[in-house]
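Proteins come first, then strands; the chains are lettered A, B, ... in the order of their sequence lines, and each starts at number 1. The figures that follow rest on heavy atoms only: side chains count, while hydrogens, waters and symmetry mates do not.
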2 protein chains.
Amino acid sequence: MSGEDNLLRLVEAEDGDENNYHLQDQVGFILRKAHQRHVSIFASHIGDLTPPQFAALAKLYDIGETSQNQLGTLIAMDAATVKGVIDRLKARGLVEVSKHEVDKRRLLVNLTPEGREAIERLIPLARTITEETLAPLTAKEAATFLRLLAKLA
Amino acid sequence: MSGEDNLLRLVEAEDGDENNYHLQDQVGFILRKAHQRHVSIFASHIGDLTPPQFAALAKLYDIGETSQNQLGTLIAMDAATVKGVIDRLKARGLVEVSKHEVDKRRLLVNLTPEGREAIERLIPLARTITEETLAPLTAKEAATFLRLLAKLA
DNA sequence: CTGATATCATTTGCATACGAATGAATTTGA
DNA sequence: TCAAATTCATTCGTATGCAAATGATATCAG
């Protein structure tokens, strides 16, 4: 038996479960599953829009016209991702784009009337989605969870 | 005015900001950002493997040979997704697949010696990744967070 | 004023993620 | 037993998500 084996046995003896790596205890894995569950709940309430698409509309509704790049920063999407999201919203007539008068690099994005109508209609559903996502927790637990989650995001 | 409207007005009166929908307060949005941050931390420590690929290797290391479908269930991936993950791990020689002797529908998946060596080498890094992901929280907060997160996943 | 830098947007390539449809094999139930 | 239902895997289509490269424009520094 090698020295490494001996050491390993000592470690095992101390801990009892040192060798066992349990995926389901890792924060990344649980985070991924919780996110999956939320997306599924979202889809069950809002079937014709994805969470990123909803985020883009909601942010435009909140702050008004802005550049594609700035919008991406605000909703945590890189330039390549936000372009795809905006392209699809544009194809559906929910947003419209225009060139910035001064800075010719910028692409301005804004809600269309249809987009505004859509997001106003959907925001109440989004509140329901949030409630359902947090339903396994008590109100106090939910508050604690959101506070700690925000620290990690 | 309906009863619902009345209730809503009461809530608004209590809250004072009912009309304003803030994306950054929604659990789904924060969950998405926290997940993004974790993936980024993961990539900074383990550049040549994605979290889903790591999950597949870790689970195979934990339970040994299993069917592709069963593996997918254990690591929370649907059949289409797990196929892609296994295909890429197979192409890199980290897993090998074989046909189930009895049930000819099943595709058995197992670690290769290289895959086993890889996951044993990476598990300590994964512990570091978990620590770094939870670093913004105190030990007590982290324990609370994991407990509540697990309830949501 | 101008060359170096920085910013904005686009494109490509790769990797999840999932719904839906399909085909093969197995299990169930009348 | 045998038709119906189920399970396993694959394929297709669509939608994030990000790294890297590129081009256009704007800003900065000397």
Rounded to whole Å, please give me the gap between [atom1] in [X] and [atom2] in [N].
X: A:H38; N: D:dT16; atom1: NE2; atom2: C1'; result: 15 Å
X: A:L71; N: C:dC8; atom1: CG; atom2: C1'; result: 14 Å
X: B:R37; N: D:dG17; atom1: CZ; atom2: C1'; result: 18 Å
X: A:L31; N: D:dG17; atom1: CG; atom2: P; result: 13 Å
X: A:I75; N: D:dG17; atom1: CD1; atom2: C1'; result: 12 Å
X: B:F54; N: C:dT16; atom1: CZ; atom2: P; result: 14 Å
X: B:L89; N: C:dC14; atom1: CG; atom2: P; result: 17 Å
X: B:H100; N: D:dT7; atom1: NE2; atom2: P; result: 16 Å

Using a 4.0 Å heavy-atom cut-off across all strands, classify [X] as base, sugar-phosphate, or nothing.
X: A:V109; result: nothing
X: B:V85; result: sugar-phosphate
X: A:V97; result: nothing
X: B:T81; result: base

Residue [X], side-chain heavy atoms: nucleotide from [options] that is nearest:
X: A:A80; options: C:dT10, C:dT16, D:dA19; answer: D:dA19
X: A:R106; options: C:dA9, D:dA9, D:dA19; answer: C:dA9
X: B:D78; options: C:dA9, C:dC18, D:dC8; answer: C:dC18
X: A:S67; options: D:dT11, D:dT16, C:dA9; answer: C:dA9
X: A:R88; options: D:dA26, D:dA15, D:dA9; answer: D:dA15
X: A:M77; options: D:dG17, D:dA9, C:dT10; answer: D:dG17
X: B:D103; options: C:dA25, C:dT10, D:dA15; answer: C:dA25

Is there a donor-acceptor contact under 3.5 Å from the side chain of [X] to the main chain of [Y]?
X: B:S67; Y: B:L108; answer: no
X: A:Q68; Y: A:I86; answer: no
X: A:T133; Y: A:H38; answer: no

When you check the side-chain N and O atoms of A:T130 and B:Q26, is any donor under 3.5 Å from an acceptor?
yes
Would you mind telling me which of A:H100, A:K99, A:R105 makes a side chain to side chain donor-acceptor pair (under 3.5 Å) with A:D103?
A:R105
Which sits closer to the 5' end of DNA chain D, A:H35 or B:K83, going by the nucleotide each is nearest to?
B:K83
Looking only at N and O atoms, is any donor in the side chain of B:R105 or the base of C:dT26 less than 3.5 Å from an acceptor on the other one?
no
Taking for each residue the nucleotide of DNA chain C with the nearest heavy atom, is it B:K104 or A:D87 whose nucleotide lies nearer the 5' end?
A:D87
If you compare every side-chain N and O of [X] against the phosphate oxygens of [N] (OP1, OP2), does one of them come in below 4.0 Å?
X: A:R32; N: C:dA17; answer: yes
X: A:Q70; N: C:dT7; answer: no
X: B:Q68; N: D:dT10; answer: yes
X: A:T50; N: D:dA15; answer: no

Once side chain to side chain contact (heavy atoms under 4.5 Å, CB included) is applied, do any residues pair with A:E141, and if so which ones, sequence neighbours excluded?
A:L137, A:T138, B:R147, B:L148, B:K151
